[in-house]
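Positions are given from 1, in the same order as the sequence printed here.
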Amino acid sequence: MSAKDRFHQVVKVALQKDCWQITHDPFPLQVDGITDMYIDLGAEKIIAAEKDHQKIAVEVKSFLGSSSIYEFHLALGQYTNYRYALEAQEPERILYLAITSNIYNNFFQRPFIQSVIRRSRVNLMIYNLEREEIIQWQT
């Protein structure tokens, strides 16, 4: 199992504040005999008005390295592999990439990054690091 991201606990608290129940920490993926893939968190939310369940998986990335574009390459590759594996294992669960509002505002707003996110169909969960709160869901 890989090491937890530095902001793993912050994202977990933010999800709980937003009424998500953490169901997996981590969420194991098993495809074609590969058993060492883990998405950081799995969560569920019951929507009372619709009497339905939403299921998500959240991959947390801190972007604390010296090169944001390198961190982005790694995150995008990991996200893509996890999305394909998740589609095979539990297709009703939606994958999100969790990033801080700071990295979202200072890096993810660049036109090239926005284009890659859109064309790669990356769902984002943007959170405030200090308040441990979700600011925005972007699909």
Transitive ILVMFWY side-chain link [X] to [Y], under 4.5 Å:
| X | Y | result |
| --- | --- | --- |
| V11 | W137 | yes |
| I94 | L86 | no |
| Y79 | F27 | yes |

For residues [X] and [Y], determine if any side-chain heavy atom of one lies less than 4.5 Å from a side-chain heavy atom of the other.
| X | Y | result |
| --- | --- | --- |
| Y96 | V60 | no |
| N102 | L129 | no |
| R93 | Q54 | no |
| I135 | S101 | yes |
| I113 | F107 | yes |

Interatomic spacing from [atom1] in [X] to [atom2] in [Y] - rounded to 0.5 Å:
| X | Y | atom1 | atom2 | answer |
| --- | --- | --- | --- | --- |
| L74 | I69 | CG | CD1 | 10.5 Å |
| R110 | I117 | CZ | CD1 | 13.5 Å |
| S62 | L64 | OG | CG | 3.5 Å |
| K12 | W20 | NZ | CH2 | 16.0 Å |
| F7 | I99 | CZ | CD1 | 12.0 Å |
| R83 | N81 | CZ | CG | 10.0 Å |

**Item:** Carboxylate-amine/guanidinium proximity below 4.0 Å for D5 and K61
**Value:**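 Result for this pair is no, no salt bridge flagged.
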**Request:** Answer yes or no: is there an ion pair linking D18 with K45, defined by an N-O contact shorter than 4.0 Å?
**Result:**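 The answer is yes: the pair qualifies as a salt bridge.
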**Asked** What are the two closest heavy atoms between T23 and A43, and how far apart are they?
**Response**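 Heavy atoms of T23 and A43 come nearest at OG1-N, 3.6 Å.
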**Item:** Taking every non-hydrogen atom, the tightest pair across R131 and N128
**Value:**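 Answer, listing the atom of R131 first, then N128: N-OD1, 2.6 Å.
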**Message:** Assess the residue pair Q138 and Y104 against the criterion (side chain to side chain donor-acceptor pair (under 3.5 Å)); give the C-alpha distance rounded to whole Å, side-chain angles, the decisive distance to 0.1 Å, and a yes or no.
**Reply:** CA-CA 11 Å; Q138 187 178 69; Y104 178 75; 3.1 Å; yes
**Message:** Is there a side chain to side chain contact (heavy atoms under 4.5 Å, CB included) between I22 and Q16? Walk through the geometry before answering.
**Reply:** CA-CA 7 Å; I22 304 301; Q16 291 168 328; 3.8 Å; yes
**Residue pair H8, L41: steps toward the side chain to side chain contact (heavy atoms under 4.5 Å, CB included) verdict** = CA-CA 9 Å; H8 180 97; L41 295 164; 3.6 Å; yes
**Message:** side chain to side chain contact (heavy atoms under 4.5 Å, CB included) for I56 and E44? Distances and angles first, verdict last.
**Reply:** CA-CA 6 Å; I56 62 172; E44 281 186 25; over 6 Å; no
**Stepwise side chain to side chain contact (heavy atoms under 4.5 Å, CB included) check, M37 with Y82** = CA-CA 8 Å; M37 287 194 300; Y82 287 172; 4.1 Å; yes
**Asked** Is the backbone N or O of P28 less than 3.5 Å from a side-chain atom of Q89, with the two atoms forming a donor-acceptor pair by type?
**Response**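 Flag set: sc Q89 to bb P28 pair under 3.5 Å.
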**Request:** Could you tell me whether the side chain of E132 and the main chain of A14 form a donor-acceptor pair under 3.5 Å?
**Result:**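 It does not hold such a pair.
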**Message:** Measuring centre to centre across the rings, with the benzene-like ring taken for any Trp, is F108 within less than 6.0 Å of F63?
**Reply:**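 When the ring centroids of F108 and F63 are compared, they turn out to be within the sub-6.0 Å range.
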**Asked** Above 12 or not: heavy atoms from other molecules or residues under 6.0 Å from CG of D32?
**Response**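 Open.
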Going by atom type alone, with no hydrogens or angles, which donor-acceptor pairs under 3.5 Å involve a side-chain atom of residues 118-127 and a protein atom two or more places apart or on another chain?
residue, atom, partner, partner atom, Å
R119, NH1, S115, OG, 3.1
S120, OG, V116, O, 2.9
N123, ND2, L95, O, 3.0

